[in-house]
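Data block below; observations after.
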There are 2 protein chains.
Amino acid sequence: MSAQATPRPGGRSARVQQSVHQAVRDLEAEVGRDALTVPLIATRAGVTPSTVYRRWGDLRALLSDVAVERLRPDAPPADCGSLRADLEAWTVQFAEEMSSTAGRTYIRDTLLGDPEQGNAARCSDYAAEQLKAIGVRAAGRGEAVPDVETLLDVVVAPLMYRILFRPSALSEAYTARLVAAALGRSELSPGA
Amino acid sequence: MSAQATPRPGGRSARVQQSVHQAVRDLEAEVGRDALTVPLIATRAGVTPSTVYRRWGDLRALLSDVAVERLRPDAPPADCGSLRADLEAWTVQFAEEMSSTAGRTYIRDTLLGDPEQGNAARCSDYAAEQLKAIGVRAAGRGEAVPDVETLLDVVVAPLMYRILFRPSALSEAYTARLVAAALGRSELSPGA
DNA sequence: CAGCCTAATGCTAAGAAATTGCGTCTGGCC
DNA sequence: GGCCAGACGCAATTTCTTAGCATTAGGCTG
């Protein structure tokens with residue numbers, strides 16, 4: 001249903017998908033997310049509503065696909081010279097992006113309209129890839145590197161939990177504390 | 001909008017709310033959650049659809065209210081004789097309930113249709129209250145007790161993150177490992 | 001390169017749901 | 001016992017959703 005592959009990469013299907021996604025992004029900025037409807041998006045994209053319903057099923061699934069695209073990192077994590085500095089920089093940026101109004105909306109849209117959790121898993125994979133890149137770079141410097149699973153448990157999960165369930169419990173110093181906790185027990189690997 | 005207090009506890013408003021909530025629960029079991037619509041629920045509850053729209057705004061907000069009620073613990077945490085045993089028992093039960101298909105649906109419904117995050121915060125408060133009760137009991141035994149904030153970060157958050165974003169990454173041994181990690185660093189208190 | 005064949009899209013209409021305005025009634029409060 | 005604010009029922013309008021059918025695009029084979 002969601003995140004479907006494009007069977008014909010260069011064909012009309014791909015153009016329709018791109019056009020519809022772009023229409024969602026445009027209209028999100030123009031009329032606001034809550035005013036989005038399938039007929040509105042379809043008209044803007046130059047397709048008929050039935051096409052959208054057939055391809056995505058419903059509005060939630062379409063928004064989930066668009067949202068997860070927006071959560072994709074657009075650049076590799078910055079190189080600040082050390083594992084700790086890289087992790088702190090990445091965590092601060094991650095927390096800022098995800099806790100913003102737009103970020104929270106994208107996360108919730110991703111989680112919703114996605115019964116198979118495919119988009120949610122992609123969202124987590126993005127973070128894992130970034131952390132993995134930071135780890136590889138630190139290992140190249142000869143530093144001891146915590147497991148990606150550990151970082152997801154100790155840094156990403158608490159951040160996400162607070163963003164989704166306790167929006168008032170986020171502070172600036174908190175992210176640094178999470179990174180410190182992760183580095184302090186880098187030898188522990190809860191694993192899967 | 002959601003989780004509104006009942007202005008007239010014994011009056012018609014209270015009866016309508018109870019009736020609508022019950023209709024949601026009944027129909028969820030009968031026709032499935034995805035088949036729920038406001039007119040369907042309203043008819044079953046013996047009210048008109050406009051009443052539901054006025055009280056809850058839309059279907060998502062109504063489902064959010066019902067879902068958070070279902071996530072409320074129905075009993076204090078079991079007393080297994082020690083902090084570690086209590087925590088392990090509670091964590092296992094929590095993980096089982098939340099990772100089930102129904103549990104995940106309730107969580108997602110709670111997060112949705114709730115722009116102010118009030119219901120999501122209540123959901124987190126439920127877990128915090130349970131953990132607090134376990135801690136108070138353990139303190140009564142003279143045991144050293146980890147901070148509730150620490151438990152939320154180290155135990156609850158990783159579980160929730162995996163349930164929502166990485167449903168394949170949950171295992172039985174994992175919950176025990178989380179509890180062990182929490183007890184191993186009970187002196188650390190990341191706090192808020 | 002020409003023709004076929006699958007699959008995706010456009011179109012239309014019917015059915016269902018969402019939204020709003022207005023009148024009525026309940027129930028708390030003087 | 002009467003007043004008043006809030007909540008509800010009713011009904012009409014608008015919008016969304018879904019299904020059937022015709023058409024077209026584009027890949028594929030010969």
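Chain letters run A, B, ... following the sequence lines, proteins first and then strands; every chain starts at 1.
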Whole-Å distance separating the CG atom of B:D58 from the C1' atom of C:dT20: 16 Å
Contact residues, residues 32-40 of chain A to DNA chain D [heavy atom, < 4.0 Å]: A:T37, A:V38, A:P39
Pairing of B:R33 and B:D109 as salt bridge, 4.0 angstrom limit: yes
Listed once per pair and sorted, the salt bridge (charged side-chain N to carboxylate O under 4.0 Å, His left out) pairs that draw on residues 123-141 of chain B, sequence neighbours left out: B:D79-B:R137, B:D79-B:R141, B:D86-B:R137, B:D86-B:R141, B:R141-B:E143
Can you check whether any acceptor in the base of [N] is under 3.5 Å from a donor in the side chain of [X], or vice versa?
X	N	value
B:S50	D:dC8	no
B:R55	D:dG6	no
B:R12	C:dG28	no

Side-chain donor-acceptor pair under 3.5 Å between [X] and [Y], yes or no?
X	Y	value
B:Q18	B:Q22	no
B:Q117	A:R166	no
A:S64	A:N119	yes

Upstream residue (5' side of DNA chain D) when A:L59 and B:T51 are each assigned their closest nucleotide: B:T51
C:dG27 OP1/OP2 closer than 4.0 Å to side-chain N/O of B:R15: yes
A:E172 atom CD: more than 12 heavy-atom contacts under 6.0 Å: no
